[in-house]
Novice: 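Sharing a structure, written as structure tokens. Questions coming.
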Amino acid sequence: MRRKLFFLLVFLCPLTQLKAQYNNLWIPDTLSGTNFNLTIKDTFAQIVNSGQQTITGGINGKVWGPTLFFKKGDVVHMNVQNKLNDSTTIHWHGMHLPAVMDGGPHQVIPPNTIWQPYWTVTNNAATYWYHPHLHEMTEEQITKGIGGLIIVRDSIESALPLPRSYGVDDIPLVLTDRDFTTSNQFSMVPYGDSMLTNMTLRAQTTVPAQVVRFRILNGAIERSYNLGFSDSRSFYVITSDGGLLNAPVAKTKYLLHAGERVEILVNCSGQNGTTVDLKAYNSLLGNFIAGGENFPNGPFANALGKIDFNILHLNIGAPTSNAITSIPSTLTTNTLLNVANANITRHLTISDSTGLPNVLGPNAFVLNHKLFNINYNDYEVPLNNTEIWEITSSSAFGHPFHIHDVEFNIISVNGVAPDATQAGWKDVVFIPGKTGNTSSVVKFIAKFEDYADALHPFMFHCHISLHEDEGMMGQFVVTNPNSVNTLEKIDIPVTIYPNPANSHLFVKFNNPNQSAYYIRIIDVLGRTIMMLPQPDLSNGIDVKQLKNGIYHILITENQSKQTISQTFEVE
Ligand code: C2O
Ligand code: CU
Ligand code: CU
């Protein structure tokens, strides 16, 4: 009887009402401190309300991953374990760190391998993220839901009267969209039919009636989101990708492209009991901005193209006891790079691949007239260079261009200086499509002041994963003109002890001028078990995570980059 009544109710419900069934916004767990354990695995999650679970990739959980809290100045140690059936990489998007720790396509983590990068956090307080970056697999692994947010705190931001209670008045929002198969599985398409906010379909949340901060990441494969509120209220942009703006900037719309982050303040004071929607006003986008096209069919057809749709339904509830109730008038003082100090202007191009050999499809896009080649460095950047990168695009389509290693300042987009929301630190810049026959030109300036390493490049690419995987990527190395590299064979006397080891293995270079550039631990079957870039060996290598048995340790010396090997036992 009850069952019958239920069906009756379902069928009598008008469709609009069914649509209005919201799900509570999921807030990712947090990790903080200086040691972070991240285990990436194949798993599944109940994303669609009923029916089958969706096969996903998750870090420490069922989908996506924990939000990592870093403090500027701390040395953070990552213990990344790949429990996927495939190789992967984890890139710390926006973090300034050595290329060998960066997690780009060169730092491949095989299945069942532990990767332990670490670095000193020098980034400003802002919102960053981490995600897979394995060449030609990025779209697939991001589609599975692998990734996570990074929130950096520093003394400047901490001293400001800003909302800072994670999940209460400081709410992370990871925006993406997916297409589900009839059995509720993610399909690998650039544009989904369903909006996912923190991997939640039709998300709603309750926010207190006070100033609320949203930290918003565009984690989509391709789509841009033209953010705004259903009552057209103003909100205040307080950050660009890499730090606070000088002052909050009032906006009613803000266009966020793939890979970009923005933090906004919304004043909900006195609105207890009301509701408002955060939406994507993508009907307003031009045809050549991702999400502004309206393909009736074909691989890019999707239900969200060129329409306005909900991102998050907000129920405004009671204020908290320590409520922030006003928008600060100033935030920080950014000292931007001076164009007069540039050592060089590099000229990059974006174009359609038409006419290029070996291109995956007729619609691929290319950087510098060629597809990505992992063995080719586009540029050697001398250490301490301040550089202007000028990107000329003859592509009709707009592309979010991202560079690793540095945060930059935009100089101009088609000759026009950036507006106040873009006049800070950035690591993604949108390169608009050409106008008529006129190419667009975007210029930014960056300083490459440390982490010289001739062996490991940093990447630059379009952050639309589909384009990146198709080869819209290049790389550069930062080189130290003063470092001399000896090619002659040298002796690298090393003592490893205790052997057998049961908790920590110590590696001592008998020559005090020598140190480790890279250590790999390989099992007897030749499988890489641990990858330790530029390891700090003062406390030894923690081998407690290794099974008992015999291992090879491959030690690459820092200056000579020569590798020696020894054998040890774990018991
Ligand atoms: Cu978020 Cu190279 O990317
Ligand atoms: Cu990046
Ligand atoms: Cu692109």
Side-chain angles (χ1 to χ4, degrees), residues 65 88-99 101-107 117 119 123 126-139 141-142 146-150 174 176 190-191 217-224 241-242 256-261 288-293 300 348-353 359-361 363-368 371-372 374 391 393-408 425-434 440 442 446 456-476:
T88 190
T89 83
I90 292 291
H91 166 58
W92 319 101
H93 179 128
M95 288 284 107
H96 178 51
L97 37 56
M101 316 280 184
D102 181 58
H106 293 264
Q107 286 83 42
W119 65 93
N123 285 77
T127 307
Y128 304 86
W129 64 306
Y130 56 100
H131 63 77
H133 211 310
L134 186 64
H135 187 46
E136 295 179 340
M137 290 289 284
T138 299
E139 181 186 358
Q141 295 188 340
I142 290 183
I146 305 173
L149 289 172
I150 297 172
V174 178
T176 187
Y191 293 122
L217 160 70
N218 182 336
I221 300 300
E222 175 142 7
R223 194 184 307 276
S224 304
D241 299 318
L256 192 71
H257 302 284
E260 286 185 312
R261 292 85 60 210
F288 296 104
I289 294 180
E293 327 93 314
F300 295 95
L348 293 82
T349 64
I350 291 177
S351 52
D352 299 346
S353 62
V359 170
L360 293 174
N363 294 318
F365 301 102
V366 288
L367 275 160
N368 294 345
L371 290 174
F372 177 62
I374 200 159
I391 303 153
S393 176
S394 62
S395 171
F397 198 67
H399 301 272
F401 179 96
H402 169 55
I403 182 172
H404 293 203
D405 182 21
V406 288
E407 294 288 329
F408 55 76
W425 296 100
K426 292 282 295 166
D427 54 56
V428 179
V429 57
F430 182 69
I431 318 285
K434 66 177 175 186
S440 355
V442 172
H456 275 88
F458 289 107
M459 321 310 291
F460 56 87
H461 57 92
C462 175
H463 219 290
I464 292 175
S465 316
L466 172 71
H467 299 176
E468 175 193 335
D469 278 348
E470 286 180 345
M472 195 177 179
M473 178 153 65
Q475 58 190 20
F476 64 97

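Counting starts at 1 for both ligands and their atoms, in listed order.
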Novice: Looking at the rings of H93 and H131, which for Trp means the six-membered one, are their centres under 6.0 Å apart?
Specialist: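 Yes - the distance between ring centres of H93 and H131 falls below the 6.0 Å cut-off.
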Novice: Using a distance threshold of 2.8 Å, state whether an N, O or S atom of H91 lies below it from the Cu ion (ligand 2).
Specialist: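 True for H91.
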Novice: Are any side-chain N or O atoms of E260 and backbone N or O atoms of A258, one a donor and one an acceptor, separated by less than 3.5 Å?
Specialist: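 Checked: no pair found.
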Novice: Under 2.8 Å from atom 2 (Cu) of ligand 1, which protein N/O/S atoms are there?
Specialist: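 Checking every protein N, O and S atom gives H133 NE2, H404 NE2, H461 NE2.
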Novice: Just checking, any donor-acceptor pair under 3.5 angstrom between side chains of D469 and H135?
Specialist: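 No - no donor-acceptor pair under 3.5 Å links their side chains.
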Novice: Among Q141, E139, M137, find the one that has a side chain to side chain contact (heavy atoms under 4.5 Å, CB included) with S465.
Specialist: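 The passing option is E139.
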Novice: Would you say R223's side chain and I221's backbone share a donor-acceptor pair under 3.5 angstrom?
Specialist: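 Such a contact is absent between R223 side chain and I221 backbone.
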Novice: Taking S440 for its side chain and P432 for its backbone only, find out whether a donor-acceptor pair lies under 3.5 Å.
Specialist: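 The answer is yes, because a donor-acceptor pair under 3.5 Å joins these two groups.
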Novice: If we check side chain to side chain donor-acceptor pair (under 3.5 Å) with H461, which of these qualifies: H133, H467, Q475?
Specialist: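 Of the listed options, the one satisfying the test is H133.
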Novice: Do W129 and H463 have their ring centres less than 6.0 Å from each other?
Specialist: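 Centroid distance W129-H463: below 6.0 Å, so yes.
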Novice: Can you name the nearest heavy-atom pair linking D241 to D427, along with the distance?
Specialist: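 Closest approach of D241 to D427, heavy atoms only: OD2-N, 3.0 Å.
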Novice: Sub-3.5 Å donor-acceptor pair from the side chain of N123 to the main-chain atoms of H96, do we have one?
Specialist: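 It does hold such a pair.
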Novice: Suppose we only count N/O/S atoms under 2.8 Å; would H133 qualify as near the Cu ion (ligand 2)?
Specialist: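 No N, O or S atom of H133 is closer than 2.8 Å to the Cu ion (ligand 2), so no.
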Novice: Could you name all protein N, O or S atoms found under 2.8 Å from the Cu ion (ligand 3)?
Specialist: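 Only H399 ND1, C462 SG, H467 ND1 fall inside 2.8 Å of the Cu ion (ligand 3).
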